[in-house]
Asks: 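Quick one: the structure is below, and I'll ask about it shortly.
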Amino acid sequence: MKEFAGKRVLVTGAAKGIGRGIARSFAEAGAELLLHYRSDPAEAEELRAELSEYASGVHLFRCDLGTEEGIDALFAEAEQLFGGLDAAVNNAGWDPGFVALDTIDYALYRKLTDMNIKGTLFCCLNEIRLMRKSGRGGSIINIGSVQMETTVPGRTLYAMSKGAIHSLTGELALEGGPEGIRVNCIAPGYIAVKRMCSAP
């Protein structure tokens with residue numbers, strides 16, 4: 001039997017890059033997947049077709065996790081589909097690239113923190129709620145960045161948001177641990193996903 005057979009798994013930001021690789025790994029391990037994406041339905045459908053060969057089920061859901069309506073809709077779908085949840089990876093986020101200090105304004109701050117901080121926080125809280133409902137613990141993985149500790153010029157907002165995710169993860173691990181809910185943060189460095197590579 002595959003390692004994740006019978007397990008219900010949510011991956012946010014699953015259609016591209018790191019999220020796509022994570023979704024593929026869970027599918028190959030036999031999980032039933034709810035894959036969140038935001039922008040490209042054709043890309044998401046292509047992924048579903050690819051993973052359906054391995055996974056016990058692949059469900060897609062499109063929304064903007066920088067909004068309260070998007071978060072609520074995603075977890076209403078998860079609850080309707082699965083009832084509970086066994087694992088989740090919070091990969092969805094926004095990287096604005098280089099941002100000079102004198103171009104940071106309130107609108108940019110809100111856009112980035114709504115997605116990276118508020119979005120991750122309320123995804124985690126909903127995931128914990130669904131894991132508690134299942135009553136058999138679970139695992140949450142948040143995708144941070146090495147830039148939460150070591151950064152470069154032009155990355156103030158992005159590094160700040162990833163630092164917040166790191167702190168959030170520790171607090172939730174402390175609170176979820178007694179119920180068998182593990183919460184961890186992975187801090188990737190540079191990964192040659194499509195958006196980071198120039199066209200040939």
Asks: Can you name the nearest heavy-atom pair linking Lys2 to Ala29, along with the distance?
Replies: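 Lys2 and Ala29 have their closest heavy atoms at CB-O, 3.0 Å.
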Asks: If every non-hydrogen atom of Asn91 is compared with every non-hydrogen atom of Gly13, which pair is closest and at what distance?
Replies: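 Scanning both residues completely, I find the closest heavy atoms to be ND2-O, 2.9 Å.
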Asks: For a side-chain hydrogen bond (donor to acceptor under 3.5 Å, both in side chains) with His59, tell me which candidate from Arg8, Glu32, Glu77, Arg48 qualifies.
Replies: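 Testing each of Arg8, Glu32, Glu77, Arg48 against His59, the sole residue satisfying side-chain hydrogen bond (donor to acceptor under 3.5 Å, both in side chains) is Glu32.
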Asks: Take Phe82 and Lys133 through the side chain to side chain contact (heavy atoms under 4.5 Å, CB included) test and state the conclusion after the steps.
Replies: CA-CA 11 Å; Phe82 294 154; Lys133 185 175 180 180; over 6 Å; no
Asks: Mind checking whether Leu51 and Leu10 sit in one hydrophobic cluster, side chains of I, L, V, M, F, W, Y counted as touching below 4.5 Å?
Replies: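 Different clusters.
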Asks: Quick check: is Val11 connected to Ile181 through a chain of hydrophobic side chains (ILVMFWY, heavy atoms under 4.5 Å apart)?
Replies: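 No, it is not one cluster - the side chains of Ile181 and Val11 are not joined through contacts under 4.5 Å.
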Asks: Are the side chain of Asn116 and the backbone N or O of Trp94 linked by a donor-acceptor pair below 3.5 Å?
Replies: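 Between the backbone of Trp94 and the side chain of Asn116 there is a qualifying donor-acceptor contact (under 3.5 Å).
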Asks: Just so I know, are the side chains of Phe75 and Glu127 near enough to count as touching, which here means a heavy-atom distance under 4.5 Å?
Replies: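 Sidechains of Glu127 and Phe75: in contact.
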Asks: Kindly check if the number of other-residue, nucleotide or ligand heavy atoms within 6.0 Å of CD (Glu45) is above 12?
Replies: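 Counting neighbours around CD of Glu45, more than 12 heavy atoms of other residues, nucleotides or ligands fall under 6.0 Å, so yes.
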Asks: Grab the two heavy atoms, one from Leu74 and one from Cys63, that are nearest each other, plus how far apart they are.
Replies: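 What the structure gives for the nearest pair is CB-SG, 4.1 Å.
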Asks: What closest approach, in Å, do Ala173 and Val183 show between heavy atoms, and which atom pair accounts for it?
Replies: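 Here Ala173 and Val183 meet closest at CB-O, 3.4 Å.
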Asks: Are Leu157 and Leu108 packed together at the side-chain level, in the sense that at least one heavy-atom pair is separated by less than 4.5 angstrom?
Replies: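 In short, these two side chains touch, coming nearer than 4.5 Å.
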Asks: Please round to the nearest 0.5 Å and tell me the distance separating atom OG1 of Thr12 and atom CZ of Phe61.
Replies: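 It is 13.0 Å, given to the nearest 0.5 Å.
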Asks: Taking all non-hydrogen atoms of both residues into account, name the closest pair between Gly97 and Asp95 and its distance.
Replies: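 Shortest heavy-atom separation between Gly97 and Asp95 comes out as N-OD1, 2.9 Å.
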Asks: Between OH of Tyr158 and CG of Leu112, what distance do you get to the nearest 0.5 Å?
Replies: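 With rounding to 0.5 Å, OH (Tyr158) is 9.0 Å from CG (Leu112).
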Asks: Decide yes or no for Ser39 and Lys16: does some side-chain heavy atom of the first lie under 4.5 Å from some side-chain heavy atom of the second?
Replies: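 They are in side-chain contact.
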Asks: Just how far is it from atom OG of Ser134 to atom CD of Glu179, taken to the nearest 0.5 Å?
Replies: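 The OG atom of Ser134 sits 12.0 Å away from the CD atom of Glu179.
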Asks: Answer yes or no: is there a side-chain heavy-atom contact under 4.5 Å between Lys118 and Leu121?
Replies: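 The answer is no, as the side chains (C-beta and beyond) never meet within the 4.5 Å cut-off.
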Asks: Are the side chain of Thr103 and the backbone of Val99 linked by a donor-acceptor contact shorter than 3.5 Å?
Replies: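 No, because the side chain of Thr103 does not come within donor-acceptor range (under 3.5 Å) of the backbone of Val99.
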Asks: Give the C-alpha distance, both sets of side-chain angles, the deciding distance and a yes or no for side chain to side chain contact (heavy atoms under 4.5 Å, CB included) between Ile143 and Val89.
Replies: CA-CA 7 Å; Ile143 304 299; Val89 181; 4.1 Å; yes
Asks: Can you tell me how far the CG atom of Leu65 sits from the CG atom of Asp72, to the nearest 0.5 Å?
Replies: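 Between atom CG of Leu65 and atom CG of Asp72 there are 10.5 Å.
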Asks: Is there a path from Ile128 to Ile141 through hydrophobic residues (I, L, V, M, F, W, Y) whose side chains come within less than 4.5 Å of each other?
Replies: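 Cluster IDs for Ile128 and Ile141 differ.
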Asks: Are Ile186 and Phe4 connected, step by step, through hydrophobic side chains (Ile, Leu, Val, Met, Phe, Trp, Tyr) whose heavy atoms are closer than 4.5 Å?
Replies: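 The answer is yes; both residues are in one hydrophobic cluster.
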Asks: Could you tell me the separation between the CG atom of Leu85 and the CZ atom of Arg132, rounded to the nearest 0.5 Å?
Replies: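 These two atoms lie 13.5 Å from each other.
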Asks: Could you walk me through whether Arg38 and Asp64 pass salt bridge (Lys or Arg N to Asp or Glu O under 4.0 Å), step by step?
Replies: CA-CA 6 Å; Arg38 186 178 64 86; Asp64 181 354; 5.1 Å; no
Asks: Within this structure, what is the CD-OH distance for the pair Glu43 and Tyr37, rounded to the nearest 0.5 Å?
Replies: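 So the gap between those two atoms works out to 10.0 Å.
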Asks: Following the transitive rule for hydrophobic clusters with a side-chain heavy-atom cut-off under 4.5 Å over Ile, Leu, Val, Met, Phe, Trp and Tyr, establish whether Ile165 and Phe122 coincide in one cluster.
Replies: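 The answer is no; the residues belong to distinct hydrophobic clusters.
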Asks: Would the number of heavy atoms belonging to other residues, nucleotides or ligands and lying under 6.0 Å from OH of Tyr106 be above 12?
Replies: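 At most 12 heavy atoms, drawn from other residues, nucleotides or ligands, come within 6.0 Å of this atom.
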Asks: A side-chain contact here means heavy atoms from C-beta on lying under 4.5 Å apart; do Leu47 and Glu50 qualify?
Replies: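 Result yes, sub-4.5 Å side-chain heavy-atom pair found.
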Asks: Grab the two heavy atoms, one from Ser145 and one from Lys162, that are nearest each other, plus how far apart they are.
Replies: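 Closest pair (atom of Ser145, atom of Lys162, distance): CB-CG, 3.7 Å.
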Asks: Any chance CD of Glu175 has more than 12 other-residue heavy atoms, nucleotides or ligands included, within less than 6.0 Å?
Replies: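 Check fails, neighbour count at 12 or below.
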